[in-house]
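Comments concern the structure below.
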Amino acid sequence: MSKIIGKALPGMPWQDKPEGHNKPAWRYTENPIIGRHEIPISNSIFNSAVVPFGDGYAGVFRCDSLGVSMDIFAGFSKDAIHWEINHEPITFEGDPDVTKREYRYDPRVVWIEDRYYVTWCNGYHGPTIGIAYTYDFKTFHQMENTFLPYNRNGVLFPRKINGRYMMLSRPSDTGHTAFGDIFLSQSPDMEFWGHHRFVMGARGGDLSAWQSMKIGPGPCPIETEEGWLLIYHGVLRTCNGYVYRMGCALLDLEEPWKVKMRSRYYILGPEQIYELTGDVPNVVFPCAALADADTGRIAIYYGCADTVTGLAFTTIDELMDWMKKYPM
């Protein structure tokens, strides 16, 4: 058995794998857990991040407004399923040149050392990676953008590796990028980023066509005894538009730009009506994962059709076995 390195989360959401289910991830039977109209001004709530916090959970949620403007909102939950999301977006403290808002979307949240870090796609003359920290999900201190435009999907590792903070990202362009590979960047202080390394890219041909156009990192990597487990999204361009699915890879613990394993087949793709139909159809987009070190259970939060939020389950052993059985 593989082992997750981290804390026990005995109260995290969980449902056992359905009998006869032959894929490594399965949906929560009460999906979607967050609808599109959970706050008065929301058109949609999706592509959001959650973490353990206090005696429950906190999150940062992408809520597109009834004007279809993009912003991020804090929220809280006792069980990580039923959420109370603030009705006003996060206000960031910091340099006005940086905190000036163009748009904000697709946040990730991770605890590192003594605080929670939030990363998101920040509008600054085009998409780039915004970063802030908070202790209480009430006051947020925005730091310098990590990169020049154009970039998105900034995902931090949950601890320093060899004395450096590390972040995955997907360089992009100004719009609905028709390309995308995953890169790793390193920082001594969470402000200056460099030592960029290629991690992995989209794969052409029919061996793994679900990720043939572009890929991007999803939840913050999960540390295991065998390496960093990365859940990511992959995109296929079809005659009916883009299709977003979910896969997994294993990165080296000490040199996480080196890929040890990668799934040839996806672990979850759009099949249910709430994934197939919405503002952007045919999308599952993972942004957060809760992992229980005692049981190896993993709960994945994902955006559905850019409209609502879903929850899926798996285990570390399910994903390891899947990569070994169907390697890239």
Side-chain angles (χ1 to χ4, degrees), residues 47 49 95 97-98 102 104-110 112-113 117-133 142-204 208 211-224 227-235 247-263 285-287 328:
N47 295 4
D95 186 332
D97 286 342
V98 179
E102 290 183 21
R104 304 184 182 115
Y105 59 85
D106 299 352
R108 275 73 163 183
V109 182
V110 63
I112 305 178
E113 295 170 342
Y117 285 93
V118 184
T119 55
W120 68 95
C121 187
N122 192 36
Y124 183 78
H125 304 275
T128 187
I129 307 302
I131 184 169
Y133 65 87
Q142 187 167 346
M143 304 165 68
E144 295 291 326
N145 293 316
T146 55
F147 307 120
L148 293 168
Y150 306 106
N151 205 316
R152 57 186 72 194
N153 292 306
V155 176
L156 286 162
F157 285 75
R159 65 168 176 84
K160 286 182 177 179
I161 303 170
N162 297 320
R164 290 176 175 168
Y165 300 102
M166 298 201 180
M167 179 186 292
L168 300 170
S169 68
R170 191 198 80 199
S172 64
D173 61 14
T174 58
H176 297 287
T177 314
F179 62 90
D181 298 333
I182 297 175
F183 288 79
L184 180 142
S185 302
Q186 305 173 51
S187 173
D189 55 8
M190 204 70 83
E191 182 173 1
F192 297 99
W193 294 86
H195 293 268
H196 311 293
R197 297 290 186 271
F198 174 82
V199 180
M200 61 187 196
R203 297 298 293 264
S208 192
Q211 52 185 330
S212 59
M213 192 184 83
K214 59 181 175 179
I215 62 171
C220 298
I222 298 169
E223 186 173 4
T224 78
W228 294 99
L229 175 66
L230 175 66
I231 297 168
Y232 67 97
H233 68 265
V235 185
C248 58
L250 189 71
L251 311 180
D252 186 82
L253 276 178
E254 297 303 315
E255 297 176 307
W257 54 90
K258 295 182 178 179
V259 179
K260 298 177 69 174
M261 289 194 294
R262 181 177 174 184
S263 58
F285 191 94
C287 276
M328 179 73 77

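All of these numbers come straight from a predicted model, not from anything done at the bench.
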Could you work out, with side chain to side chain donor-acceptor pair (under 3.5 Å) as the rule, every residue matching Q186, not counting sequence neighbours? R164
Would you check if M190 and E113 make a side-chain contact, meaning some heavy-atom pair closer than 4.5 Å? no
Could you pull out all residues at least two apart from K258 that satisfy salt bridge (Lys or Arg N to Asp or Glu O under 4.0 Å)? E255
Can you find a heavy atom in the side chain of N47 that is under 4.5 Å from one in the side chain of Y105? no
One should read off an interatomic distance between L251 CG and R262 CZ, to the nearest 0.5 angstrom, of 10.5 Å
Taking the side chain from D181 and the backbone from A202, do they hold a donor-acceptor pair closer than 3.5 Å? yes
Does some side-chain heavy atom of I129 sit less than 4.5 Å from a side-chain heavy atom of W193? no
Smallest separation among heavy atoms of G154 and T119, with atom names: O-OG1, 2.6 Å
Between Y232 and N153, is any pair of side-chain heavy atoms under 4.5 Å apart? no
To the nearest 0.5 Å, tell me how far E223 CD sits from L253 CG. 5.5 Å
Side chains of W228 and M166: closer than 4.5 Å at any heavy-atom pair? no
Tell me whether K214 contacts the main-chain N or O of T177 through its side chain, where contact means a donor paired with an acceptor under 3.5 Å. yes
Within-4.5 Å side-chain heavy-atom neighbours: L168 and F157: yes
Do I182 and L230 touch side chain to side chain, with heavy atoms closer than 4.5 Å? yes
Among all residues two or more places apart in sequence or in another chain, which pass the side chain to side chain donor-acceptor pair (under 3.5 Å) test with T224? none
Nearest 0.5 angstrom please: W120 CH2 to I131 CD1, how far? 8.0 Å
Hey, is NE2 on H196 packed in by over 12 heavy atoms from elsewhere, all under 6.0 Å? yes
When you check the side-chain N and O atoms of T128 and N145, is any donor under 3.5 Å from an acceptor? no
Taking every heavy atom of P171 against every heavy atom of N151, the minimum-distance pair comes out as N-OD1, 3.6 Å
L184 side, atom CG; H195 side, atom NE2 - distance, nearest 0.5 Å: 11.5 Å
In terms of heavy-atom contacts, S208 and Q211 come closest through OG-NE2, 2.7 Å
Note: H125 and E102 closest approach over all heavy atoms is N-OE2, 2.8 Å
With side chain to side chain contact (heavy atoms under 4.5 Å, CB included) as the test, would you mind laying out the steps for N162 and E254 before giving the verdict? CA-CA 7 Å; N162 297 320; E254 297 303 315; 3.0 Å; yes
For residues C220 and R108, report the shortest heavy-atom separation together with the two atoms involved. SG-CB, 4.5 Å
Can you name the nearest heavy-atom pair linking P149 to Y124, along with the distance? CG-O, 3.1 Å
Taking the side chain as every heavy atom from C-beta outward, state whether P221 and P256 have any pair of such atoms under 4.5 Å apart. no
Reported CZ-to-CG distance for the pair F179 and D173, which is rounded to 0.5 angstrom: 4.5 Å
With rounding to the nearest 0.5 angstrom, report the OG to CG distance, S263 to L250. 11.0 Å
